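Values reported hereafter were calculated over all heavy atoms of this structure, with side chains retained and with hydrogens, waters and symmetry mates removed. The residues of the chain are indexed from 1 along the displayed sequence. Because the structure is a prediction, the values reported are computed rather than measured.
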Amino acid sequence: MKLSDAPGAPGRTALYRLYDAEDTLLYVGIAGDPRSRWAQHARDKRDTWWPQVHTRDVEWFDTREMAEEAELAAILAERPRHNAVGSLRNRHGTRVSNGMARKRLLAQLAAENPVTYQVAARRRADRWFLEVPDLQGMQIQAKSLTAAEREVRQQIAEAHDCEPGAFTVRLLLQGLPAEVWEALRTLNAAQRSAEAAAEARATAMALTVRTLLEHFSQRDAGQILRMSFQRVQQWRDESPTGNEWELPPIPFRD
């Protein structure tokens, strides 16, 4: 690693981080000549975040591809405040600039590198108040929870200069009436049981289809199960192979 911010050898590319006076990460970028890039930032961002820059950290890589990979990893892991992930590349190495394609890639990256913001939500009088503990000073209020969540998601995206779909928002409801809490707990337990039952039914159906097809044609199996032979084929294709496969435990106990 070369700490100098002077231009490197041909092909070498710098990954730089810009911090404010409180060591908050403002921006992550790459450049063959960091000083020239910073001069461009000073011109383009003079009315926004550039005046906040206090310290700079530079790390050199042998190739631009290595620097781009490190840049993306840093943006996803460190969440710099003012980054627009404009240099994203897909699995084929092609730069993604189209809006919808970029959103899909960001959603994929978010799934692979999940970022979740806990959002405290409390109802007072006729309004909802939302607060993001991880982002100091971010507070939203609106008449409906839907509008409040939409606004807080937009503000998080603007704070990190990313797409609103590139992260997950988890609402932490606070101060609800006791009967509401009880109803939500009952619903949550019922949903977990229903999911377990649905999984058990799907497994049993796949096992039944596999067993029927050992003795009957695909059309006869469909007639027995009262489904189309195309659906039988779908279940057959979804069935695992091997004798070690068993039904999951029954989800309910007395």
Please report the interatomic distance [atom1]([X]) to [atom2]([Y]), rounded to the nearest 0.5 Å.
X      : Y      : atom1 : atom2 : result
Arg231 : Gln218 : CZ    : CD    : 12.0 Å
Asp44  : Trp49  : CG    : CH2   : 9.5 Å
Gln52  : Leu18  : CD    : CG    : 11.0 Å
Thr211 : Phe216 : OG1   : CZ    : 11.0 Å
Phe229 : Gln223 : CZ    : CD    : 12.5 Å
Arg219 : Gln230 : CZ    : CD    : 7.0 Å

Check whether [X] reaches the backbone of [Y] with its side chain - one donor and one acceptor, N or O, closer than 3.5 Å.
X      : Y      : answer
Thr48  : Lys45  : yes
Thr208 : Ala204 : yes
Trp181 : Leu176 : yes

Nearest heavy-atom neighbours spanning [X] and [Y]:
X     : Y     : answer
Phe61 : Ala70 : CZ-CB, 3.6 Å
Pro51 : Arg46 : CG-O, 3.2 Å
Glu22 : Asp20 : N-OD1, 2.9 Å
Pro34 : Ala14 : CG-CB, 3.6 Å
Ile30 : Ala67 : CG2-O, 3.6 Å
Tyr27 : His82 : CD1-O, 3.4 Å

Check against side chain to side chain contact (heavy atoms under 4.5 Å, CB included), Val58 and Leu15
CA-CA 6 Å; Val58 179; Leu15 169 70; over 6 Å; no
Any luck finding a side-chain donor-acceptor pair between Glu151 and Gln155 under 3.5 Å?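 There is such a pair (donor and acceptor under 3.5 Å, judged by atom type) between the side chains of Glu151 and Gln155.
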Item checked: Modelled atom types, side-chain donor and acceptor of Arg43 and Gln40, under 3.5 Å -> no
inquiry  = Classify the ring geometry of Trp38 against Tyr16: parallel below 30°, tilted from 30° to 60°, perpendicular beyond 60°.
reply    = perpendicular
Are [X] and [Y] close enough that some pair of their side-chain heavy atoms sits under 4.5 Å apart?
X     : Y     : result
Thr55 : Asp23 : yes
Thr63 : Thr13 : no
Tyr19 : Leu26 : no

Are Leu173 and Val180 close enough, and set up right, to give a side chain to side chain contact (heavy atoms under 4.5 Å, CB included), and what steps lead you there? CA-CA 11 Å; Leu173 300 175; Val180 174; over 6 Å; no
Taking only distance into account, with no hydrogens and no angle test, what donor-acceptor pairs under 3.5 Å do side-chain atoms of residues 118-132 form with protein atoms, sequence neighbours excluded?
unit_1: Arg122; atom_1: NH2; unit_2: Gln174; atom_2: OE1; d: 3.4
unit_1: Arg123; atom_1: NH1; unit_2: Lys143; atom_2: O; d: 3.1
unit_1: Arg127; atom_1: NE; unit_2: Gln141; atom_2: OE1; d: 3.1

*After noting the C-alpha distance and the side-chain angles of Asp220 and Leu212, does the key distance pass the side chain to side chain contact (heavy atoms under 4.5 Å, CB included) rule?*
CA-CA 9 Å; Asp220 285 346; Leu212 287 172; over 6 Å; no
_Are Leu172 and Leu184 connected into the same hydrophobic cluster when the rule is that any two of I, L, V, M, F, W, Y join if their side-chain heavy atoms are below 4.5 Å apart?_
no
So salt bridge (charged side-chain N to carboxylate O under 4.0 Å, His left out) across residues 179-189, not counting sequence neighbours, yields Glu182-Arg185
